[in-house]
Amino acid sequence: MDDPGWHARRRAAQVNEEDYPAFRGPDGRFRPVEQVLPLEEGFIGGWNVSAPPSRAPSPFPSGNGANVGGPFAATPPPPFSQHLAQSGYPFVHTPSPILPPKAHSLHPLFDDSQQSHPSAIERTQSLTMKKMNPYLQFMCGPLLRYDTVDERGVWHGAALIVTADAGSIYEPSPAFTYSWDPDQPTSPKQHRAGRSVDLGPHPADPLAQPFLGSEGGEHFHGPNVQKQKVFGQEIYVYSGRGGTYTFWRFLIQIPLTNLEMKIHYTVNDGMEMDFFVPGRNQTMRMAAYSCNGFSAGLNPDDFRGPGFQSGYDPVWVDLLAKHAERPFHVLVGGGDQLYCDGITREPELQEWVNHPKPEEKKQYPLTQEMLSAMDRFYFNHYCQTFRSGAFARANSSIPMVNMAGKLMRCIFIDGFGSYPDDLQKAPIFNTIGSRGYFFYLLFQCFINISVDGIDDRPGAHPMKSLIIGGPGTYVPFPSHSFLAPVGPTAWLLMLDCRAERKLAQVCSQEEYKKVFQRLHTLPPGVEHLIVQIGIPIAYPRMVFLETALSSKFNPLVTLGRSGSWGLKGFVNKFNADAELLDDLNDHWTSKHHKAERNWLIEQFQLFACHRRIRVSFLSGDVHCAAAGVLKTLSKGKRVSAINPVSDYRYMLNIVTSAIVNTPPPNGVLTMVSTLSTKRHRTMHYANTDEEMFPLFVKDTDGTKPKSQYIMGRRNWCSITLEQAGDLLFDIRVEKTKGHGETVGYPIRAPPPRWTPK
């Protein structure tokens, strides 16, 4: 069928309004329950409602009908985000406050005269929100994604929105309209003194102030203004007891010019938003982050400084302030884009989660109710996280590229893939991971395999930067890596380190083969390759702790399994192994991955030497900032080190983590800092030395730091190319907990100046 919105319009038209007699608005129009019921205070992203069930085709490739459920919670789990307590009505925005009618009084302090008041028409004109035409009920978005720049200099990207069918009009299909002026240079915004924490309007954030018609927007008026309109493609329908919800994808193409350009866009002529694209000969400015959530047991308000609505926002507000001063073109998600640990609190999973015998838990049967609960959780949690606070402003104004990183809290269970094989294949555990990867592709990559397929040959897939690897080990999807230019001389590789992972493998040889085949097709003149790998590849070793926790003679594990001495939390909920063991097993420096790590580093060394391209690694995961260095080994005290500019083995590993989560305890930081002073001989056989870089010579307040190698504060990283050809990584570290303002710690990857071999 040629019309991509036909199915969505049919679903919207088939809603039985008589099933919801209590939910008609004052204008007589039918409204879905989500517009009139507040968010459940204790729930992450759902609504405690009861409505007739509705079904849609299953997203499973095998068509096993797992798509049942809805955005509601049978019983609310423990509080997750305290700021939801003030959420009010999530979709009916309240206009700017107007004084309520005063009680009748003759007292002179009460002025009941109408003479000084604006007329009703004037009031509505000044307070009416910018309306979409036709109207769409936003659940999430707009989200932006960068894909590639082709050989003709055309920028390719995409936008994604999620809409509630019952509250939306799909005739015609949703339209994404964008415009730009190729002759108008961008200019930085002027900021008031101090730091503003007013996030401004957003079309999907339930806590946002409305976008008022009187606020207007910036418009282009030049003679060469370009304007394009693309209609949405329906790539998925989520169906639950609250109704059906449609995912709309818009593919965007923008011919680059010599100038950096601001792109204005709207959805159905609604709220005006913008993003930036670089000049054709300009290297993109990037902002990298990881760990965008709080671990279980933490109170977000402990990280909320003065003026902020949430502990999630402070460092994101700092990133947005830098974006306003000098716009970023790409937002690099290095893993844990959201935390999904809360799935174990879903009511339908409690019997499995709390089952006392790990061996029986592995054989626990998977039910339809459990499948519904999984999809319900992922849908609600993604919508809530990606539409809320400062993060929502970032992902709607800076095109994203995201990886399936280490902990995969951004997908499913902490350490998925690094548990024993029998647990990974257990029905419930495996399905949690499979559904998590599906929703990761959908929300973060704008991909649905049942629509887009797995053919990554040129012209076959809508995402041109995609590299399909081997089949997933424990998920029914192949690995999805991405390779894209970020400038004429720089490229970015997002290596999928999760889909094929198992205890003794990070990526398969099939994935590596396809990735390096694509790398060797890079055009001449490329000087920098940034490889996003999630977990640090040059980082202090924890082998002694890994050995202790995996030992069957460890008394703490034994006591944890029995629940004695209050040590039940020392072991995980799934197979009663030590809680930290899956984290350590996930590391590149783990004994399970040591050989693969060393081989991979050698492959990048050969690639760098042959193509004369500087390779730099970017990672997160460890909740602190650091920089590791790989370089050519200097043999003997009298042998001077090779100048990094001429050393093809010189590779930085920039570690930026976390933008939201708390740093590790002081004891852990002290231990890691002590280990950072050790030089590792792991790769001396390959003439490669490894050490940590003493980046933090001063603390954020200018005093002497506790460690020059590890900084245990929230952070993110700015990446720019300097005129001399150096790639500048500026790790921005939060100055004071909860205040957001950051201090920069720059480190440079020099351009390659060796003779190719």
Side-chain angles (χ1 to χ4, degrees), residues 7-8 10-24 30-60 63-77 80 84 87 89-92 136-140 162-168 170 204 206 234 236-247 340 342-352 366-385 387 428 431-432 435-436 438-439 442-443:
H7 292 288
R10 184 181 181 189
R11 287 193 305 276
Q14 287 178 338
V15 174
N16 186 356
E17 300 185 12
E18 299 306 319
D19 290 336
Y20 304 88
F23 301 130
R24 290 185 181 272
F30 166 68
R31 278 191 189 144
V33 291
E34 293 86 346
Q35 284 191 339
V36 296
L37 293 181
L39 286 170
E40 187 66 44
E41 176 179 344
F43 190 47
I44 297 171
W47 301 269
N48 192 10
V49 299
S50 177
S54 167
R55 295 173 181 258
S58 168
F60 280 74
N64 58 0
N67 189 26
V68 182
F72 78 103
T75 56
F80 179 79
L84 291 182
S87 59
Y89 294 92
F91 296 103
V92 181
L136 298 175
Q137 171 77 55
F138 271 69
M139 295 294 293
C140 187
V162 184
T163 55
D165 293 343
S168 301
Y170 298 148
E234 180 184 340
Y236 179 65
V237 179
Y238 169 72
S239 178
R241 292 182 63 184
T244 53
Y245 306 85
T246 302
F247 288 70
C340 289
I343 194 169
T344 59
R345 300 200 298 267
E346 289 301 295
E348 294 87 343
L349 300 179
Q350 292 311 297
E351 188 173 337
W352 171 73
L366 178 69
T367 67
Q368 188 67 40
E369 289 73 19
M370 290 178 175
L371 285 169
S372 301
M374 294 174 195
D375 276 14
R376 181 186 68 214
F377 172 83
Y378 286 124
F379 177 81
N380 288 327
H381 190 35
Y382 261 107
C383 285
Q384 178 61 39
T385 301
R387 76 182 185 196
I428 298 176
T431 304
I432 290 175
R435 301 309 297 143
F438 170 81
F439 279 98
L442 191 61
F443 272 97

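Start at 1 with the first residue, then count along the sequence. Heavy atoms only: backbone and side chains are in, while hydrogens, waters and symmetry mates are out. Not measured: the values here are computed from a predicted model.
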Kindly indicate, with the supporting measurements, whether the criterion side-chain contact (heavy atoms from CB on, under 4.5 Å) is fulfilled by Y378 and I432. CA-CA 10 Å; Y378 286 124; I432 290 175; 3.4 Å; yes
Kindly give the heavy-atom pair with the smallest separation between R387 and A204, and that separation in Å. CD-O, 3.4 Å
Please tell me if the side chains of C140 and F247 come closer than 4.5 Å, counting only heavy atoms from C-beta onward. no
CD-CD distance between E346 and E369, expressed to the nearest 0.5 angstrom: 13.5 Å
Just verifying a value: how many Å separate W352 CH2 and T344 OG1, rounded to the nearest 0.5 Å? 8.0 Å
Quick one: does L371's side chain get under 4.5 Å of L366's, heavy atoms only? yes
What heavy-atom pair brings C383 and F443 nearest, and what distance separates the two atoms? SG-CZ, 4.1 Å
T244 side-chain N/O to S239 backbone N/O, donor-acceptor pair under 3.5 Å: no
What do the steps show when you test Y170 against T163 for side-chain contact (heavy atoms from CB on, under 4.5 Å), and what is the final call? CA-CA 10 Å; Y170 298 148; T163 55; 2.7 Å; yes
On a heavy-atom basis, which atom in L349 and which in M374 lie closest, and how many Å separate them? CD2-CE, 4.3 Å
Please report whether the ring centroid of Y236 lies less than 6.0 Å from that of F438. yes
Considering only heavy atoms from C-beta outward, does the side chain of Y382 approach that of V162 to under 4.5 Å? no
Once you round to the nearest 0.5 Å, how far does CD of E351 lie from CE of M370? 6.5 Å
List the steps, then state whether side-chain contact (heavy atoms from CB on, under 4.5 Å) holds for F379 with M139. CA-CA 10 Å; F379 177 81; M139 295 294 293; 4.2 Å; yes
